[in-house]
Every structure is written in C-alpha cells, then in structure tokens.
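Below you'll find the structure, written out as structure tokens, and then a few comments.
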Amino acid sequence: MQNIERERHSWLKLTVVLTWLFLLLSITVLLGSGSDVKINPDNKTMIAIMYISQVLGVTIFFILPSLLFSIFWTKQRIHFIGFTTKPVLSTLLIAGIGMLLAMPAINWLADLNQHMNLPGAFSGIETWMKNSEAKATEMTEIFTRGTSIRKLILNLFVIAFMAAVSEEIFFRGILQKVLIECTRNKHIGIWIAAALFSAFHMQFFGFIPRMLMGAYLGYLFLWSGSLWPGMIAHFLNNGMAVFLSWLMNRGEISANADKIGIDQNQWIYVCTSIAMVALSLFLVYRIEKKRKITAL
C-alpha cells in the first residue's frame with residue numbers, strides 16, 4: 001500500500017495546485033462562453049487543429065507541470081507520482097476488468113444524474129450547466145465521428161490514452177497525494193480529489209458517476225502505490241466508449257449498446273455491476289496488503 005511520506009510546505013503546495021486548477025477551469029469556462037465559432041465536422045483542417053490542441057493542452061497544462069512539481073518540490077522527486085512504481089500484474093488485470101464491468105452502474109447513475117433539477121432560485125446556474133453539458137456533448141460527438149480504423153486509433157490515443165495519462169498524473173499523482181498529506185486522512189483526500197476531478201470536466205449532469213470513478217481510481221493508486229492500475233482502468237473506460245461509438249458509426253451494433261443498465265428491466269445488470277466493482281476493489285486491497293506484508 002502507498003506510503004504517504006511527510007512532505008514540507010504541504011499547505012503551500014496544495015494552494016499552488018488548487019490555484020493552478022482554478023486558473024485552468026476559469027480559462028476553460030471563458031473560452032467556452034466566449035466562443036461563437038461554429039465547428040464544421042467536415043472541415044478536416046479545423047478537426048486536425050482540435051486534435052493537436054487537445055494533445056498539446058493536456059501535455060502542457062497537466063503532464064509537464066506535474067512532472068516539474070514532483071521533480072523539484074518533493075522528497076521522492078519523480079517517484080512521488082507513482083509513475084515509476086512497478087505494478088502487480090493481478091492488480092492491473094483486476095483494476096481493468098473492474099472498470100469495464102462498471103459500465104452498467106455508470107450508465108444507471110448517469111441517467112439518474114441527468115434528471116437532476118435545481119430549485120427555481122438557481123435556474124440561471126442550471127441553464128449554464130445545461131449549456132456546458134451540451135457543448136461537451138457536441139465536442140465528444142465531433143471527435144467520435146468516423147468509421148475508419150485510422151479514426152479509431154486516433155481517438156483511442158487522444159481521447160483514451162492521453163486523457164488517462166494526463167488526468168491520472170495530475171489528479172491522483174499530485175492532487176490526491178497533496179490532499180492526503182494536508183488532511184492527514186486518506187479517504188478525505190481521495191474523495192475531495194475525485195470531486196474536483198469530476199467538476200473539472202464541466203459535465204455536471206454526469207458529476208456523480210465521474211466522481212465515483214475518480215474515487216475508484218484513487219483507491220487503486222492508494223493501495224498499489226502505482227499510477228499504472230488507475231491509468232489502465234481509466235484508459236479502458238474511455239477506450240470502451242470510443243470503441244462502442246466507432247462500432248455504432250459503422251452500424252455493427254445497436255445505437256443503444258452503450259445504454260446497458262438504464263432500462264427498468266435491466267436492474268440485474270446494475271446490481272451485478274456494483275457487486276463486481278466492489279469485489280474488484282476488495283481483491284486489489286487484499287492483493288496489495290498481502291504484497292506489503294510479504295515485502296516486510
């Protein structure tokens with residue numbers, strides 16, 4: 001299990017990390033609210049620029065700052081983020097399978113979250129949230145268009161791989177560890193990081209399932225001490241969504257194939273999914289606990 005080494009200036013570090021996250025969020029909101037440019041999905045140049053911007057964005061704003069933070073401002077240097085910690089193969093497999101089996105539960109929670117309504121006094125906020133959700137959905141649909149193998153590989157790299165690497169390095173490798181150090185409570189640190197992870201995506205009608213996914217990834221990182229199980233699970237979650245969209249575009253599966261768990265008569269899938277996710281977490285905990293005892 002992860003050893004949280006006592007670091008110096010923890011609260012200052014947390015202030016810097018949260019300030020950076022707030023600035024990124026503010027820039028995202030300003031660009032989104034001030035942009036009236038209509039994206040033409042058939043404009044190959046515009047789409048190429050969007051892909052390049054996405055890759056450069058997560059590299060410059062998430063990956064590089066996290067690496068610099070760990071190298072120059074922690075005792076463990078690059079090892080702080082858990083990127084160099086060798087994972088156990090069984091933990092990798094269980095983490096990945098657990099995330100794949102979580103799909104019906106995620107769909108069910110997302111459907112419940114979609115029906116969220118704020119009180120009338122917050123109607124302005126709810127309208128803004130819906131507009132933000134609509135823009136995020138539009139961007140996703142533009143990225144996941146296409147039926148070629150080349151488009152599938154490109155989307156797996158940009159939407160699944162780069163997102164998994166960058167977000168796990170920043171939200172779990174840096175933010176979660178600093179939060180745990182400051183609060184001196186591993187569970188509080190994990191859940192605050194998970195909530196911030198979900199909020200940053202600006203898709204509030206999917207906030208709950210994404211926060212729970214963040215907590216799942218957080219416990220994988222806590223117990224294994226390695227960023228790899230979370231990155232694998234995160235990649236598989238995003239990658240499965242990309243792959244299903246690609247198959248639907250090609251007409252090889254039903255357009256409702258990614259809605260398993262939403263229909264009322266599919267409650268058994270949801271219950272089984274929740275049980276399997278809980279079991280995967282339990283197994284990872286036992287494996288990593290046994291590994292730690294054996295290493296002593």
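- Scored by the side chain to side chain contact (heavy atoms under 4.5 Å, CB included) test, E141 finds T137 as partners (sequence neighbours excluded).
- Within the model, atoms CG of L227 and NE2 of H234 stand 11.0 Å from one another, a figure rounded to the nearest 0.5 Å.
- With sequence neighbours excluded, the residues that form a side chain to side chain contact (heavy atoms under 4.5 Å, CB included) with R286 are F282.
- H187 pairs by the ring-ring contact (aromatic ring centres under 6.0 Å, His included) definition with Y219, not counting sequence neighbours.
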Pairs under 3.5 angstrom only: tabulate donor-acceptor contacts from the side chains of residues 53-66 to other protein residues two or more places apart or in another chain.
residue: S53; atom: OG; partner: I49; partner atom: O; Å: 2.7
residue: T59; atom: OG1; partner: V55; partner atom: O; Å: 2.8
residue: S66; atom: OG; partner: F62; partner atom: O; Å: 2.6

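- For the salt bridge (Lys or Arg N to Asp or Glu O under 4.0 Å) condition, no pair includes a residue of residues 51-62, sequence neighbours left out.
- With sequence neighbours excluded, the residues that form a side chain to side chain contact (heavy atoms under 4.5 Å, CB included) with I149 are I153, W246.
- What you find for I232 and L92 is that their closest heavy atoms are CG1-CD2, 3.8 Å.
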Query raised in the report: What do the steps show when you test I106 against M103 for side-chain contact (heavy atoms from CB on, under 4.5 Å), and what is the final call?
Result: CA-CA 5 Å; I106 290 174; M103 185 176 292; 5.6 Å; no
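- By the ring-ring contact (aromatic ring centres under 6.0 Å, His included) test, F207 is found to be paired with no residue, residues two or more places apart in sequence or in another chain being considered.
- Applying the side-chain hydrogen bond (donor to acceptor under 3.5 Å, both in side chains) test to residues at least two apart or on different chains, the pairs with a partner in residues 145-156 are D42-R145, Y51-N155.
- The CG atom of N113 lies 9.5 Å from the CE atom of M211; values are rounded to the nearest 0.5 Å.
- When every heavy atom of C182 is checked against every heavy atom of W11, the shortest pair comes out as O-CZ2, 3.5 Å.
- In this structure, K177 forms a cation-pi arrangement with F80, its terminal cationic atom sitting closer than 6.0 Å to the ring centre and no more than 45° off the ring axis.
- Taking CE of M50 as the start and CZ of F143 as the end, the distance is 4.0 Å to the nearest 0.5 Å.
- Counting all heavy atoms, side chain and backbone alike, G96 lies closest to L236 at CA-CD1, 3.5 Å.
- A search for side chain to side chain contact (heavy atoms under 4.5 Å, CB included) contacts involving L196 returns L18, L21, L175, I192, not counting sequence neighbours.
- Residue pairs meeting the salt bridge (Lys or Arg N to Asp or Glu O under 4.0 Å) criterion with at least one partner in residues 158-175, sequence neighbours excluded, are E168-R172.
- Between Q176 and I190, the closest side-chain pair of non-hydrogen atoms falls below 4.5 Å.
- Proximity of the aromatic rings of H201 and F197 is defined here by a centroid distance below 6.0 angstrom, and this criterion is met.
- Looking at residues two or more places apart in sequence or on another chain, you find no ring-ring contact (aromatic ring centres under 6.0 Å, His included) involving W20.
- Residue pairs satisfying the ring pair (Phe, Tyr, Trp, His ring centres under 6.0 Å) criterion with at least one member in residues 146-165, sequence neighbours excluded, are listed as follows: F157-F161.
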